[in-house]
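Some notes on the structure that comes next.
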Number of protein chains: 2
Amino acid sequence: MEHWLTKRANLSPETTAVELDNGDAFTFLQLKQKAERFALQLANVHQQGHLAILSDNVADMIIAFWACTYLKVPTVFLNTRLTVTEWQQQCDDADVQLVLCADSYSSDAEQLLQSVYSFSRIHDLTQADTTLASTIDMDAVCSMMFTSGTTGRAKAVMQTFQNHWSSAVASALNLGLLPSDKWLICLPLFHISGLSTLFKSVIYGMPVYLMERFEEDKVHQAIMEKQVTIISVVAVTCERLLHRLGEARYPASFRCMLLGGGPAPKPLLERAKQQHVPIVQSYGMTETCSQIITLHAADALRKIGSAGKPLFTSSLQVLKDGRATLSNEVGEIVVKGPMVTNGYYQREEANLKAFQDGWLYTGDLGYLDEEGFLFVVDRRSDLIISGGENIYPAEIEDVLLSCEGVLEAGVTGMEDEKWGQVPIAFVVRTSEQVTAEYLLAYCQDKLASFKVPKRLIFRSQLPRNATGKLQRYKLKDF
Amino acid sequence: MEHWLTKRANLSPETTAVELDNGDAFTFLQLKQKAERFALQLANVHQQGHLAILSDNVADMIIAFWACTYLKVPTVFLNTRLTVTEWQQQCDDADVQLVLCADSYSSDAEQLLQSVYSFSRIHDLTQADTTLASTIDMDAVCSMMFTSGTTGRAKAVMQTFQNHWSSAVASALNLGLLPSDKWLICLPLFHISGLSTLFKSVIYGMPVYLMERFEEDKVHQAIMEKQVTIISVVAVTCERLLHRLGEARYPASFRCMLLGGGPAPKPLLERAKQQHVPIVQSYGMTETCSQIITLHAADALRKIGSAGKPLFTSSLQVLKDGRATLSNEVGEIVVKGPMVTNGYYQREEANLKAFQDGWLYTGDLGYLDEEGFLFVVDRRSDLIISGGENIYPAEIEDVLLSCEGVLEAGVTGMEDEKWGQVPIAFVVRTSEQVTAEYLLAYCQDKLASFKVPKRLIFRSQLPRNATGKLQRYKLKDF
């Protein structure tokens, strides 16, 4: 296929590609020109082998990424929240030879053993005399991201151009594609929820509205005033936006708040419904290059709490002990489709475990209802087993979150001599009048006794990763 | 990939798949059930080898086609306007073993040497005990259609599932995909313009509004009252619809009149513009599984007369003597993309000529303007060469059609001792007051003298194929 950005610049040269929070914007033709120029500058110091990008959501990050595609260089995305030691380990694991970073990360990044160049330093170079790629090799690795896996050493997911293409197409077939679409990115580009929108932008010819980070006032204002039609969120950012919205209404042109990054608390979905916010629930992960299962808008209210059905090109099974589960029986979520990664980079053992006959065993738990809609129960690694009973932290969190005065809730397992494990809860509350006794009584009312937290601890915030996803495994040390 | 219709019936069981002119309608779930039932009945008499369908646009034709996909049987589409002798030749050429026909064609079809079954006879069979396909083999041949080529023996174009998939996806990326979309089919399903819409329907989850044939009053009424958003037309049906529309306006939700099937007369496009009809010009053929080049709505008025740019996944060259032409220089249109056929069935010589290095040499003539927009000049086989000058019939027809009182015009070449060939024109006029002298004087005013028709002949109609495309090579005998 012709290079996507070249093609798009040819088809829609004057269409806005990127709109920035600071008022700057550039068209697809300008984006192509900037990326080509950057590629020719970068070619002075790097032409082959893996390259890492360490940056917040700034225009240069988009330009640098597309520049890498013009050099056929796979990009490894580093999470800016990690420590230098963690970056070093990921760069080593992914065979990174050169690190490109936003200027603000220069001094930290220079501690790495790899060559490090800030965006500014590349901009200062002359343009090398090199031929840029005019086509896309669909089977080539385009990007690598380390999974925000909750246990074990992080693994680099290899994402091919075919994976990204298939993800963008499958999403359009489900959500539709309006000439007026504009997608707001406030999640990090180094996570798949952010990056996948860049491909959609170029493949659809659609502007993205890029924010450096999630700030609820700015995001709210953009939805209200900037003709944004779609935004990707996780539960915690969704929560804050609904709170900020209050009694107001989003414009009618705002058609989709795409919710991913883990099971959504049901109280949140109920509130969104009351506030007329068009939430579209989805399920996906780094390994599936964003959503692979999405609830169609037509079913949103009827199937509240469900992640939906597999996208047109993907398939889903829920398995238990090697057999398909019955309706409403919890098992492991197993998926297939052209957007699913071929595997983790140089992690043969993990690959053997995760991939069988073309299916990805996600390790996540869920069930299918009578009509085949998926309900995600929990991450398997977060499962609490107490006296032989399975306890899903999300269920307890949902109950806590439905209680007035609870802002955030996180549940994890604590070792227990008698039961093996018991649940404990961490809560962010709105006022000190909300007591532990009150909350535990509330839980006793709604949960089987073995699910009622054995301890309840108040905190001012909970541990979350860069997308805002709750990191339950960190709760105990928090 | 999972079988498309099964998948769609799973994702959108209650969505309307087909709406018929007589008020009948059925959902995707019902379509799947009907197709499965028909497949199991058909399996009694046919399980392998090529099968032909001979039918007008009726519900059974859609059901029978999808049934064939459940049996993994390639379908050969026969043009109902041909003679029994022509059907016989096509069935032989395409190795057809069994012919399925609408009941109205039974007596004609029974003259064929193949086994012939009417839809009714299949409906009367019991269901065989066979396993239906649950997946689609993307590289398999799905359908074959004989090209309406203007010269030479018709060739069967092999269309794979991958071709049809790629066509549907590329079209959506260009036209967009609205939840409210409903596509009206009034062109024959045995032509690619009709058939391609069936794939779009199932892949998008979009209703089609099916008409047995083009009748301007009925089509007009459907656009006005039935929430149709898109219709595919050729120039002559477009012309009649604009005439029928008169001073009225289509509903705002009607967003696209997709015009294909040959170069569009410029006066027609100008009139559409005046009547606020959202014409989208395109270029495609049986070999490209419908449009491969389309004018984006954003450029429709600025680039009137252009067929647009290649769709996102396709590529275009205009070549002359083996080199790329300059801007505005006429050459042969050469295209590439995943929607382009792998070749003609058992026509090795034609394949060697038409396909080189993955490019399809269309035989059509056109040029690219400075911005890379394609203007289709003519079918190469229709080119008139007069005293060494190239004359494109469409140019002369455009002039004639711009003259008040001319309903239809067709121009072809006549042998001439002095010039080799000279153009002659056939005209359908609105009144006998429009004389040949008047029209020729009109042409002299607007055309170089060698382009002015040497003869002008009035007719009550012009020869057209089943889609309404002018058959210039038949003019001389008309």
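In what follows, chains are A, B, ... by sequence order, proteins preceding strands, each numbered from 1.
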Next on the checklist: What I want to find out is whether B:Glu2 reaches B:Arg8 closely enough, with some N-O distance under 4.0 Å, to be called a salt bridge.
Outcome noted: no
Evaluate the ring planes of B:Tyr367 and B:Phe375, with Trp represented by its six-membered ring, and classify them as parallel (under 30°), tilted (30 to 60°) or perpendicular (over 60°). parallel
Within residues 195-206 of chain A, the residues sitting under 4.5 Å from chain B by heavy atom, in sequence order, are A:Val202, A:Ile203, A:Tyr204
Whatever's closer than 4.5 Å to a heavy atom in chain B on A:Trp165 counts as side chain
Honestly, the part of A:Pro13 sitting under 4.5 Å from a heavy atom of chain B is neither
Given A:Ser315, A:Gly372, A:Ser12, the one with more heavy-atom pairs under 4.5 angstrom with chain B than any other is A:Ser315
Going by atom type alone, with no hydrogens or angles, which donor-acceptor pairs under 3.5 Å involve a side-chain atom of residues 167-179 of chain A and a protein atom two or more places apart or on another chain?
from     : atom 1 : to       : atom 2 : distance (Å)
A:Ser167 : OG     : A:Cys289 : O      : 2.8
A:Ser167 : OG     : A:Ser290 : OG     : 3.4
A:Ser171 : OG     : A:Gln291 : NE2    : 2.9

Handout entry: Sub-4.5 Å side-chain heavy-atom contact between B:Phe161 and B:Thr69
Key = yes
Residues 302-312 of chain B vs side-chain hydrogen bond (donor to acceptor under 3.5 Å, both in side chains), sequence neighbours excluded, gives A:Asn10-B:Lys309, B:Asp299-B:Arg302, B:Arg302-B:Glu371, B:Lys303-B:Asp369, B:Lys303-B:Glu371
Please set out all donor-acceptor pairs under 3.5 angstrom arising from side-chain atoms of residues 333-343 of chain A, sequence neighbours excluded.
from     : atom 1 : to       : atom 2 : distance (Å)
A:Thr341 : OG1    : A:Met158 : O      : 2.5
A:Thr341 : OG1    : A:Gly343 : N      : 3.0
A:Thr341 : OG1    : A:Gly343 : O      : 3.1

Self-check item: From CA spacing to verdict: salt bridge (charged side-chain N to carboxylate O under 4.0 Å, His left out), B:Glu19, B:Lys226
Solution: CA-CA 10 Å; B:Glu19 225 178 301; B:Lys226 300 289 185 184; 5.6 Å; no
